[in-house]
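In what follows, a single structure is set out as structure tokens and then discussed.
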Amino acid sequence: MSDPVSIPAPSAPSDFIRDIVRDDLASGRHQRVVTRFPPEPNGYLHIGHAKSICLNFGIALENQGVCHLRMDDTNPTKEDVEYVDSIIADVRWLIEGWADGILGLKPKGMGPEAAPDEVDFRLSATATHLGQPMEPFYASDYFDALYGFARQLIRLGRAYVCDLTPEETEQYRGSPDRPGRNSPYRNRTVEENLALFEKMKEGRFPDSACTLRARIDMESPNIWMRDPVIYRIRHADHHHTGNRWCIYPMYDFAHCLSDYIEGITHSICTLEFEVHRPLYDWILESLQLPRSLPHQFEFARLNLGYTVMSKRKLLQLVQGGLVSGWDDPRLPTISGLRRRGVPASALRAFAHEIGVTKYNGLTDLSVFEFAVRRELNRVAVRRMGVLRPLRLVLTNIAEGEVHWFDAVNNPEDPSAGTRKIPFSRHIFIEQEDFQENPPPKYFRLRPGGDVRLKYACIIRCDEVIKNDVGEVVEIRCTADLESHSGGANAARKVKGTIHWVSAGHSIAATVRLYDRLFTVAEPDKEEGDFRQYLNPESLQELEAQLEPSLAEAVGETRFQLERIGYFVRDSRETDSNRPVFNRTITLKDGWAKESARPG
RNA sequence: UGCCCGAUGGUGUAACGGUAGCACAGCAGACUCUGGAUCUGUUUGUCAUGGUUCAAAUCCAUGUCGGGCAGCCA
């Protein structure tokens, strides 16, 4: 069976950022587009990052450019290689078969080059190193270059070493409606600053003893222009540079210059960085750099209903044991969604569907669910399985008698072919497909009523057998074998068709049903701790009976259990004799809507 | 009561001074050996008030509402 490729002929995406890129290319401002996806390796990627990945890689792809994967790793105390590895895996999975060709990596170990007498460092993704081991870009690979840029800023009189404590720095900064005050260390000489900065680098000072600050304007209405800290002292090992450094650049200093070093043309980030843009531009312009400068553009991050998106909150769920890990199928992490069975193509289709704007809204979960169902409907093979089995005996079929019927593998894709499924005297049907006293418009099995067993034949309910406490434990029916496909009564019409499995042939399996993680659409906007709104029924585990073909290793193949939903084999629990399947998503349920109707 | 950004049906978006369109959701129906899929029809919208203009969702002003910014986090 074929792998998901892409959504059918999607219209070319269009948004305000793509408009800008198009205009920049048309005007000759840039010859080639270079974007970047710059996660900090301090957590796992989630569906919000997927939106950003689709934007950055999409723009590069549409314009024959390249998109660098860069670890934005300037804070050694929060970052870890575990996260680096997961990020690489998640990005590769998301873009596979779509944008792999423009994924910008660099030869392992390569750093930026600088001309001897020039303050200019550069490093670009290149296809000429094919065959060499490749790795993502790392902001931490630029620490030498960044140190050089910082010295240049000092020489230009635009940065100084400040001895204020963290508390004093905060006080001097003022507040949004009150201007800040100049640091007493603001007017140190260039020589003094150079010497002090050197000492910072050499480790002569403890953490937080001093900082390097940009010399801008303590009275600026924009707080980020009030002499922001651009280097701090941290005697900590870094996941990528080890113990080589004890001073680390801040985001604002590192990011714009990393973009410059890599030749990024369009640096796309989320709205909260909007107020940082003047600083981004100030640093680059102050340095009097020879090459053309990157520009920052901001878009609204994704908010999805009934989940949380912040790395901090996801971390709390993981560390608190409230979920099974970063790849818990209920989480909106890319690894969680992958384990849940969501195809990468569905994530891409979703990103395309929601668009890119500067409006901070809340995307309805149904938009995401629709994208998932649309992809799965196209590619998933159909199988039968009973989640909550109810015994049913066909009294006119002999013990040991077995009929093999043809079943269509995918009505949306004739090339998927058919398979044979066994049918016998003892079968299981879904408990909810029988009702002794059914409500109006109930089309399934009832006493004296008939129903079609999908791919098999029509049966009539003759007898209901109950246990001591009045529960239905078995249904006894007669089968009209002539009503199977090709039979004399094949054209017989009945209202309902239900799924089933042959009890002597079916396999037992554990099935995990997932529901939304939270009971409210915006957990982080409710009163109190967001964790109190966790949905206690977000995971339900059932012992199901599945048709025999599902005993074979199905790997990552997604399949639909007819009338129930889409499933995938759990990628972690593969050792046990009993397979574990995850329900990716339910089928749209028209009956649930009908039966919920008042009256 | 500082600065920045935003506002189009229930939700997400398009319209780039000239017919307010699309998707999801909803509703109604057709079809169906998945109450799935598919198909048809359909309800609902330019935050407010002024101004510019032959013409404003679009430009301007004011207001309202929402978001962001005071880490030696990113």
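Chain A is the first sequence line, chain B the second, and so forth, proteins listed ahead of strands; every chain is numbered from 1. Since this is a predicted model, take the numbers as computed values, not measurements. Atom set for the values below is all heavy atoms of this structure, side chains included, hydrogens, waters and symmetry mates excluded.
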Full working for ring-ring contact (aromatic ring centres under 6.0 Å, His included) between A/Phe405 and A/Tyr455: CA-CA 7 Å; A/Phe405 292 117; A/Tyr455 302 127; 9.4 Å; no
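- Listed pair A/Lys358 / B/rG67 fails the phosphate criterion, with no side-chain N or O lying under 4.0 Å from OP1 or OP2.
- By the neighbour-count criterion of 12 heavy atoms within 6.0 Å, atom CZ of A/Arg301 is sparsely surrounded, having that number or fewer from other residues, nucleotides or ligands.
- Checking B/rG35, B/rC69, B/rC73 against the side-chain heavy atoms of A/Arg234 singles out B/rC73 as nearest.
- In this structure, A/Pro184 and A/Tyr172 have side chains that are in contact, with non-hydrogen atoms separated by less than 4.5 Å.
- Residues A/Leu481 and A/Asn489 have side chains not in contact (no heavy-atom distance under 4.5 Å, counting atoms from C-beta outward).
- Among B/rA74, B/rA14, B/rC72, the nucleotide with an atom closest to any side-chain atom of A/Thr357 is B/rA14.
- Per the geometry, CZ belonging to A/Phe37 stands 12 Å off C1' belonging to B/rA74, to the nearest Å.
- With both ends at atom P, the span from B/rC22 to B/rC16 equals 16 Å, rounded to whole Å.
- The gap from the C1' atom of B/rC27 to that of B/rG10 amounts to 13 Å, rounded to the nearest Å.
- Salt bridge annotation for A/Glu562-A/Arg383: absent, with no cationic side-chain nitrogen under 4.0 angstrom from a carboxylate oxygen.
- Comparing B/rA74, B/rC33, B/rA37 against the side chain of A/Asn377 picks out B/rA37 as the nearest.
- Residues A/Val275 and A/Val367 both approach RNA chain B. Their nearest nucleotides, taken by heavy-atom distance, put A/Val367 toward the 5′ side.
- Spacing of C1' atoms, B/rU58 relative to B/rU19, comes out at 15 Å, to the nearest Å.
- If you take NZ of A/Lys311 and C1' of B/rC73, they are 11 Å apart, rounded to a whole angstrom.
- Here B/rG66 presents its C1' atom at 13 Å from CG of A/Leu362, a figure rounded to the nearest Å.
- Summarising the geometry, the separation between CD on A/Glu168 and P on B/rG71 is reported as 15 Å, rounded to the nearest angstrom.
- A/Arg492 has its CZ atom 17 Å from the P atom of B/rU32, to the nearest Å.
- A/Tyr455 places its OH atom 17 Å from the P atom of B/rU32, with the value rounded to the nearest Å.
- Residue A/Lys441 places none of its side-chain N or O atoms closer than 4.0 Å to OP1 or OP2 of B/rG35.
- Contact annotation: A/Arg232 side-chain N/O to B/rC73 OP1/OP2 distance is under 4.0 Å.
- Applying the 3.5 Å distance criterion, the base of B/rU38 shares no donor-acceptor pair with the side chain of A/Glu412.
- Geometric assessment of A/Arg70 against the ring of A/Phe137 yields a negative cation-pi assignment under the 6.0 Å and 45° thresholds.
- Nearest nucleotide to the A/Phe273 side chain, out of B/rG36, B/rC33, B/rA74: B/rA74.
- The C1' atoms of B/rA55 and B/rA20 are separated by 15 Å, rounded to the nearest whole Å.
- For the side-chain hydrogen bond (donor to acceptor under 3.5 Å, both in side chains) criterion with A/Arg563, the lone passing option out of A/Thr586, A/Asp589, A/Asp433 is A/Asp433.
- Per the geometry, NZ belonging to A/Lys525 stands 7 Å off P belonging to B/rG68, to the nearest Å.
- Residue side chain A/Asp19 reaches the base of B/rC16 through a donor-acceptor N/O pair under 3.5 Å, judged by distance alone.
- Neither OP1 nor OP2 of B/rG35 sits under 4.0 Å from any side-chain N or O of A/Lys588.
- In this structure, A/Lys593 reaches the sugar-phosphate backbone alone: every heavy-atom distance under 4.0 Å involves primed, P, OP1 or OP2 atoms, never a base.
- Side-chain atoms of A/Arg382 never come within 3.5 Å of backbone atoms of A/Phe559 as a donor-acceptor pair (strictly under, hydrogens ignored).
- Straight-line distance between the P atoms of B/rC60 and B/rG17: roughly 12 Å, to the nearest whole Å.
- The CD1 atom of A/Ile216 lies 5.0 Å from the CG atom of A/Leu279; values are rounded to the nearest 0.5 Å.
- For A/Ser485 against B/rC33, a side-chain-to-base donor-acceptor contact under 3.5 Å is present.
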Carefully, step by step, assess A/Tyr231 and A/Phe197 under the rule ring-ring contact (aromatic ring centres under 6.0 Å, His included). CA-CA 9 Å; A/Tyr231 261 94; A/Phe197 188 44; 5.3 Å; yes
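- Paired runs in RNA chain B that reach 3 or more consecutive Watson-Crick or G-U pairs, where each pair keeps both distances under 3.5 Å, cover B:2-7 with B:64-69, B:10-13 with B:21-24, B:26-30 with B:38-42, B:47-51 with B:59-63.
- At the phosphate of B/rC72, neither OP1 nor OP2 sits under 4.0 Å from any side-chain N or O atom of A/Arg213.
- Straight-line distance from the NZ atom of A/Lys454 to the P atom of B/rG36: 12 Å, rounded to whole Å.
- Here A/Arg373 lies out of heavy-atom contact (under 4.0 Å) with every strand.
- Across all strands, A/Phe405 comes closer than 4.0 Å to no nucleic acid atom at all (heavy-atom distances).
- For B/rA14, neither phosphate oxygen OP1 nor OP2 lies less than 4.0 angstrom from any side-chain nitrogen or oxygen of A/Ser14.
- Among B/rC72, B/rA70, B/rA14, the nucleotide with an atom closest to any side-chain atom of A/Pro166 is B/rC72.
- By the 5.5 Å and 30° criteria, A/Tyr359 is not stacked with the base of B/rG6.
- Contact annotation: side chain of A/His352 to base of B/rA23, donor-acceptor pair absent below 3.5 Å.
- In the set B/rG35, B/rC73, B/rU34, B/rG35 carries the atom at the smallest distance from any side-chain atom of A/Arg444.
- Across B/rU38 and B/rC33, the matching C1' atoms stand 16 Å from one another, rounded to whole Å.
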Test ring-ring contact (aromatic ring centres under 6.0 Å, His included) applied to A/Tyr280 and A/His276, step by step: CA-CA 6 Å; A/Tyr280 183 102; A/His276 293 241; over 10 Å; no
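- When each of A/Asn360 and A/Phe443 is assigned the nucleotide of RNA chain B bearing its nearest heavy atom, the one mapping closer to the 5' terminus is A/Phe443.
- Annotation: A/Glu219, atom CD; neighbour count of heavy atoms from other residues, nucleotides and ligands within 6.0 Å does not exceed 12.
- Side-chain to base pairing of A/Arg178 with B/rG2: no donor and acceptor N or O lie closer than 3.5 Å to each other.
- The residue A/Tyr251 sits close to a base: some heavy atom pair falls under 4.0 Å.
- Remark: A/Arg563 is in phosphate contact with B/rG35, judged by side-chain N or O atoms under 4.0 Å from OP1 or OP2.
- A/Ile354 comes within contact range of the sugar-phosphate backbone alone, with a heavy-atom separation under 4.0 Å but no base atom that close.
- In terms of phosphate contacts, A/Arg173 brings a side-chain nitrogen or oxygen within less than 4.0 Å of OP1 or OP2 of B/rG71.
- Contact between the side-chain N/O atoms of A/Thr363 and the OP1/OP2 oxygens of B/rU11 is not found at any separation under 4.0 Å.
- Straight-line distance between the P atoms of B/rC3 and B/rG18: roughly 33 Å, to the nearest whole Å.
- For the C1' atoms, the distance linking B/rC59 with B/rG67 amounts to 25 Å, nearest Å.
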